[in-house]
Amino acid sequence: CCMYSTKQAIQTMDHGVDDVTTLYMDIRAYGKNFDAFYQRARDEGAEYRRGRPAAVDTSGETPVVRFEDTERGELVEEAYDMVVLSPALIPSAGTSALADVLDIELDDDGFIEATEADGDMIQTTREGVYAAGCATGPKDIPDSVAEASGAASKALEHVEERTWPEPIDVEPVDVSGEERVGVIVCDCGTNIADTVNVPEVVDWAADLPNVEYTEEVMFACAGNTQEHITEMVKEHELNRLIVASCSPKTHGPTFERVVARAGLNEYLLEMANIRNHNSWVHDDNAAATEKAKDMVKMAVDKASFLTPLEKIEQPIEQRALVVGGGIAGMTAATSLAQQGNETHLVEREPELGGMLRDLHTLHPSGKDADALLDRRRDELDAAGVTVHTATDVENVSGYIGNFAVDLSTGETLDVGAIVLATGAGLADVPAAFADNPGPEVITNRELEARLADGGVDADRVTFVGCVGSRDGERGCSRYCCQSMVGQANRLAADGAKVNVVSKDIRTFTRDAEEAYRQAAERGVRFFRYDEDATPEEALAIEDDAVVFDDVYTGETLEVPSDLVVLAMGLRATGADEENDVAQQLTVSRDEEDFLLERHPKLGPAEASVGGVFMAGSAQSPKDVRDATDQALGAAAKAGGLLAKDTVEQEPLVASIDPEACTGCTRCAMVCPYNAVEGEVQEVHSIIEAACMGCGTCAAECPTDAITMPGFTDEQIEAQIDAALETNPEEKVITFACNWCSYAGADQAGIEKRTYPPGARIIRTMCSGRVDEDFVDYAFEQGAGAVLMSGCHIGDCHYIDANTYAKERYERKKSKLERDDDFDEDRLQLEWISAAEGRKFADKMTEMDDIVARYLEESGATPARADGSGFAGDAAGGCGDCGCGGSSGDDWLDGGPTGGDHA
Amino acid sequence: MSKSVTRLDDDTWDQVVELTDGAARACYQCGTCTATCPWGRFDGEPLSVRNLMRRAQLGLDGDGEADALYRCLTCRACEANCPRGVDIVDAMLGLREHAFEQDQAPGRLQNALWSVYEEFNPWERPASERGDWLDAVPDDVDVQVGGEADVLYYVGCAPSYDPALQGVPVAIVRLLDAAGVDFAVLGDDEVCCGDVVKQTGEPDFFAELSESNAGQFAATGASTIVTSSPHCAETFVEDYGLDAGVVHYTEFLADLLEAGDLELGELDRTVTYHDPCYLARGAGVIDAPRRLLEAAGVELTEMDEHGARTLCCGGGGGNMWLESELDERFADRRATQADETGADELLTACPYCVQNLEDGVKKTGTGMPVGDLAELLVEALDATEEVAA
């Protein structure tokens, strides 16, 4: 709930509400990037006040909330326009009945009980029945997704036979003849039809070159309408189809299936997004209708250059490699082997176990760490995993399905999938704590060793939380609160006087809150220090005491202590190593140097590099439960890849014309995936399996020798031509990358943010695809302005391909600056993420101002009757749009990372 | 760190934890208690219940906190809302014991305590006049003073001495008599239950008092003890460890009514009923007084805050003996709320509440009559007899 309400606080502010207050007791921002998201909400102006509401009085005009601000010790009675509750999650109705049917046990709260026998939260009390997500307790999306894959992995261990969906069996349409284009224009109920004059667009489209069939439909995506469109494609022998409706990002796959069922190659579909990019963001019906015509023509003209593409089949080496033999690596390897895959596990240390070897008791389960390790080792053996201990991975080459891995033993493994489970390390003890005149200071890990030896020789023990985590640069280390509470509980039970000095208490995992309460009831005293300070700033360890400002009392307290235990954060490892496996595999790292997952919610156990998966603390700090769940998830994903002997890849793969290639190597230098091979001065070629389709090579090539299917030079130029056919000087050619800016424009639509209608958006997979020639071409055709946009630096879907877009932009800009007759402001670059709908709308408003100025200075006459149609009513958010009515799903993804890669 | 540093002292901590029986340990400092506390409704200084719980957790000396500590009404509004189920009042009383040891208990309470020591009541009245209320009992009602009986009716200090309240025990004995209950009272030998001693934080004298009272009660052989005041009842239940059952008279009479032993006539009027905190929240007795009102045929119009949500009259936790500096007091507000119901009369079932609400009605000038439920019931009893006659 903490992150849910944080997201909603941000969204509320985005909708123009500037006074947003969140009441909380502990901010449990425990997941990857969650702390940064919480910080963002604070930076953007959300007020966080620590206190639990005692009453909400709804008898007056606006609700009045009573609470004590416990940081200031102030009783507050405040009126708000709206109060949003963050209620607890409880077991869903029917859980108990389902448990009866399945003959599995429930826990005390009515959630499905997990045995944690292997450390995971997936195994229920009955063999062969597995659980995932909130069935075993409240969870957020990333953990649920990882766990769900993990449950699939466990289930696959029981499945002997695999079946695959039948391919669509239809006669392929011959597309070699004349282009025969169909145009379907969707009303989307009233979503489009209320703003765009759809019949006018349909009539107009009928006269476009190559258009053989046009139709207005109420809901193109409705099941019977889909069937109807398939029939129309067949009946009118269409060989290109334009669907003018919504975003290809959400509905592309739907209409690809519609054309495929007609026997038409799915790459011959083109969509015009006249809803998100038009009807939802403009309120001038005439202008929106004209824009819709342009958008349809852009799609029709591009379609003439579309060619059928076939998915690429790559052979797969059906063998798996897991790098790292901690609990995550051992779990992933065991599961992969149990699914029937030949599996190798490489561990650098002479012994398996990783950080688990340093633990004594797992919290909050109370399970014995050594016993779990022994059990896991036995299962690893029994599953037949080949274990390489005291072994390093020296060199990795290859790509999905075909990696060659050189080990330090001299052996080379050919594998199809790699799971990175390389773990993490403990942060360093701050010098101020290490060298102090007072009591002994140890880490929580050293305490584990002492507890294993029977306990500590200290009557008064003080724990310090968040050492080396949550320091402004690093987020929460996730495992430490429950571990700290568990250790405190044990020492208190042994009779020590125990104190815990921390920021929030983030005992989020199942049963950890109960352990927190138990510790308090045993007499453990909890203190809170300033969340915006590091522990070494906030606390001093003196002669026989720890001294700090306690938030709860508002006093400086001196807590007598014989022993101080530091709850240490985890740090990423490997980033600075010479032969770092992740780097060799071109797997990106996040701001804290942990491995970057494909998508924080939808792909939490996969790298964005094909065939590479991740598990455990290498991706972000985790406890045994979370590491195990994610490892099983990674095993499911890797196992899914290895289950077939070939892998299908999107045919969006660059190709080099050997006739035109001069061997200049510039493409190889900009390829983020080392997917270009060839010697200098010789013809280069693309390794299909390694190419991810960003197209930056095509933009870089000085001889235009590289073709990027789906986004060829001629296709993009055809779109520019169509967009600029009438009144070009009023228009803004906007290049938007598929993952961030195009989605950001979609988001502006979802949020119903009105902006001027000059934008003509051209989608490319990556901003790196935007060739300087495209910019020149647009200006030559008379464009008023050109906007390049893409993911923020560091967020690129193709590692760093957007940095080349930046270079090209800067180069072009400096050329334009030297031209006195040209207003260089007409070319702009903006990074816009998928969540930044407002930023997109604001930028379009700014672009419209530039166009208006250009028109005025150049003396061109605006075509619009009132002559003032620019920028008028477009600034900022509309405030009262009540958006999301028909697009609930789009909101769900805007969690901690803002859904940048949605 | 420029502020003065407070060192946590292990011995004090041990001591406070022992005195509070660790009641505050589970508290996670959310502040719901402070925001619930009725003191926070007035313009003066709110009572930071959370801060007091923090002091109980840490074993911090009550320097400067004693005023706050003794302002607590022990009305349990906070406990009813506490998400961790902390026994806040237990913790408060433990802290008061600690404060008493440090000689920080308010002088007025200490005086009351001395009065109990010397005259067995906190009102500084002679012990020998305790049974004077019996003079007003009608001759046809036979009240056994002392000796053995099934039921012991414990009158309590305020109803014994306060002329405005003496009608309450008279009414109760008439009702018990009418229902044919075998009961006795202690007359001049009755001794204060010790609630005020406990509230002051004096454990030793309280232990002495409770032991001697318990002995006296046992000697009557009563299996049930009925009290006029919910405060006495709670003291007996919580701290005496009696074999006999203890009930407030409303519950006892409601049971008699149910059993058909008590019959009431119908009265034609509209009343509102103020739930005493100790009865409604402390003992959970909410229905019994309402059943009695219904049996008496009166129409009840409730104030918004009733039942478990009742608002304290301001008298609990020793506050009968303390002065509050507020322009407006709890009872004033309550009197206004009662007036807003349009009822003819404001009833309650606790001597402290009656005393405070009478003050409140006077101060606010609403003029609404205030009374104890028992007095209305005896009127209803008379109504039956009239019908019968």
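By convention in this document, chain letters (A, B, ...) are assigned in the order of the sequence lines, proteins followed by strands, and residues within each chain are numbered from 1.
For B/Gln29, the parts sitting under 4.5 Å from any heavy atom of chain A are the backbone and the side chain alike. For A/Arg522, the part lying under 4.5 angstrom from a heavy atom of chain B is the backbone only. With a 4.5 Å cut-off on non-hydrogen atoms, A/Tyr552 touches chain B through its backbone and its side chain both. For chain A, the nearby parts of B/Thr36 are the backbone and the side chain; heavy atoms of each come within less than 4.5 Å. The contact between A/Arg525 and chain B is made entirely by side chain atoms (from C-beta outward), counting heavy-atom distances below 4.5 Å. Contacts between A/Leu557 and chain B at a heavy-atom distance below 4.5 Å involve backbone atoms as well as side-chain atoms. Using a 4.5 Å cut-off between heavy atoms, A/Asp550 contacts chain B through its side chain alone, with no backbone atom that close. For chain A, the nearby part of B/Asp14 is the side chain; its heavy atoms alone come within less than 4.5 Å. With a 4.5 Å cut-off on non-hydrogen atoms, A/Ala55 does not touch chain B at all.
In this structure, SG on B/Cys33 lies 10.0 Å from CZ on A/Arg52, to the nearest 0.5 angstrom. Here CD of B/Glu45 is found 9.5 Å from CG of A/Leu75. Values are rounded to the nearest 0.5 Å. The CG atom of B/Asn51 sits 7.5 Å away from the CD atom of A/Glu555 when rounded to the nearest 0.5 Å. One finds the OG1 atom of A/Thr553 at 10.5 Å from the CD atom of B/Gln57 (value rounded to the nearest 0.5 Å). Atom SG of B/Cys27 sits about 11.5 Å away from atom CD of A/Glu521, to the nearest 0.5 Å. To the nearest 0.5 Å, atom CD of residue A/Glu513 and atom OH of residue B/Tyr28 are 7.0 Å apart.
You'll find the side chain of B/Cys30 stays beyond 4.5 Å of the side chain of A/Thr70, heavy atoms only.
Listed here is the closest heavy atom pair of B/Gly31 and A/Glu68: CA-OE1, 3.3 Å. B/Cys37 approaches A/Arg66 most closely through the heavy-atom pair O-NH2, 4.3 Å. The two residues A/Thr556 and B/Ser4 make their nearest non-hydrogen contact at CB-O, 3.7 Å. B/Arg25 and A/Ala520 get closest at one heavy-atom pair: CB-O, 3.2 Å.
Salt bridge absent: A/Lys497 and B/Asp10 never bring a charged side-chain N and a carboxylate O closer than 4.0 Å. With respect to B/Arg50 and A/Glu71, no salt bridge is recorded, no charged nitrogen being found less than 4.0 Å from a carboxylate O.
Note that B/Arg54 lies in the cation-pi zone of A/Phe527, set by a 6.0 Å cut-off to the ring centre and a 45° limit from the axis.
For residues 46-82 of chain A, the pairs satisfying ring-ring contact (aromatic ring centres under 6.0 Å, His included) are A/Tyr38-A/Tyr48, with sequence neighbours left out.
Here the side chain of A/Arg517 pairs a donor or acceptor atom with the backbone of B/Arg84 at under 3.5 angstrom.
When A/Arg50, A/Glu74, A/Glu77, A/Gln518 are compared by the number of non-hydrogen pairs under 4.5 Å with chain B, A/Arg50 comes out ahead.
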